[in-house]
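This report refers to the structure that appears directly beneath it.
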Amino acid sequence: MFIPGEAFFPSAIETDLSLLEQAIEKQVLLSTPTTLIALLKAISFGWQQETFARNPQTIAEQARDLFRRIATLGEYIENLGRSLQKTVSHHNRSIRALEHRILPTARKFEQLGAASAGYQDARAADR
């Protein structure tokens with residue numbers, strides 16, 4: 001029960017000495033502005049403690065799940081790195097084959113005049 005002023009509480013107790021006992025028996029908390037603020041802070045602290053007591057289990061589960069996901073991502077990145085290395089290697093081998101095996105033969109056709117007119121026009125435009 002809220003008592004709107006600090007001075008009213010002592011006056012009420014002096015007027016009726018059994019007021020406090022009756023309030024306790026009926027599970028009524030007498031509260032002045034000062035005690036109400038303290039009571040609300042205590043209730044807030046209690047709720048925070050309850051939340052903290054529940055959260056460690058949830059936090060631990062979330063941490064385990066996050067660790068598994070990071071490990072999986074690490075595997076994906078590692079596989080991607082290997083694939084990129086293979087792709088670069090295959091690309092470089094293809095370029096080497098083109099430069100050392102295909103283009104020299106194609107140039108011989110050009111020197112012999114066997115290249116098509118369209119090919120010769122394209123080569124001239126590249127120069």
Hphob cluster co-occupancy, L17 + I24, side-chain heavy atoms under 4.5 angstrom: no

Hydrophobic cluster identity match, L20 and I3, side-chain contacts under 4.5 Å: yes

Main-chain N/O of S83 paired to T87 side chain as donor or acceptor, under 3.5 Å: yes

Main-chain N/O of Q85 paired to S89 side chain as donor or acceptor, under 3.5 Å: no

Find the distance between [atom1] ([X]) and [atom2] ([Y]) and round it off to the nearest 0.5 Å.
X: E50; Y: N55; atom1: CD; atom2: CG; answer: 10.0 Å
X: E25; Y: S18; atom1: CD; atom2: OG; answer: 8.5 Å
X: L80; Y: L73; atom1: CG; atom2: CG; answer: 10.0 Å
X: I77; Y: T72; atom1: CD1; atom2: OG1; answer: 11.0 Å
X: L39; Y: T34; atom1: CG; atom2: OG1; answer: 12.5 Å
X: I70; Y: E75; atom1: CD1; atom2: CD; answer: 12.5 Å

Taking the side chain as everything from C-beta on, heavy atoms only, tell me whether [X] gets closer than 4.5 Å to [Y].
X: L29; Y: M1; result: no
X: K41; Y: F45; result: no
X: E6; Y: T35; result: no
X: T105; Y: R101; result: no

Work out which heavy atom in [X] is nearest to a heavy atom in [Y]; give both atom names and the distance.
X: F2; Y: P4; value: CE2-CA, 3.5 Å
X: P33; Y: G5; value: CD-N, 4.1 Å
X: A12; Y: L19; value: CB-CD2, 3.7 Å

Worked check of side-chain contact (heavy atoms from CB on, under 4.5 Å) between V28 and Q22: CA-CA 8 Å; V28 173; Q22 289 176 24; over 6 Å; no

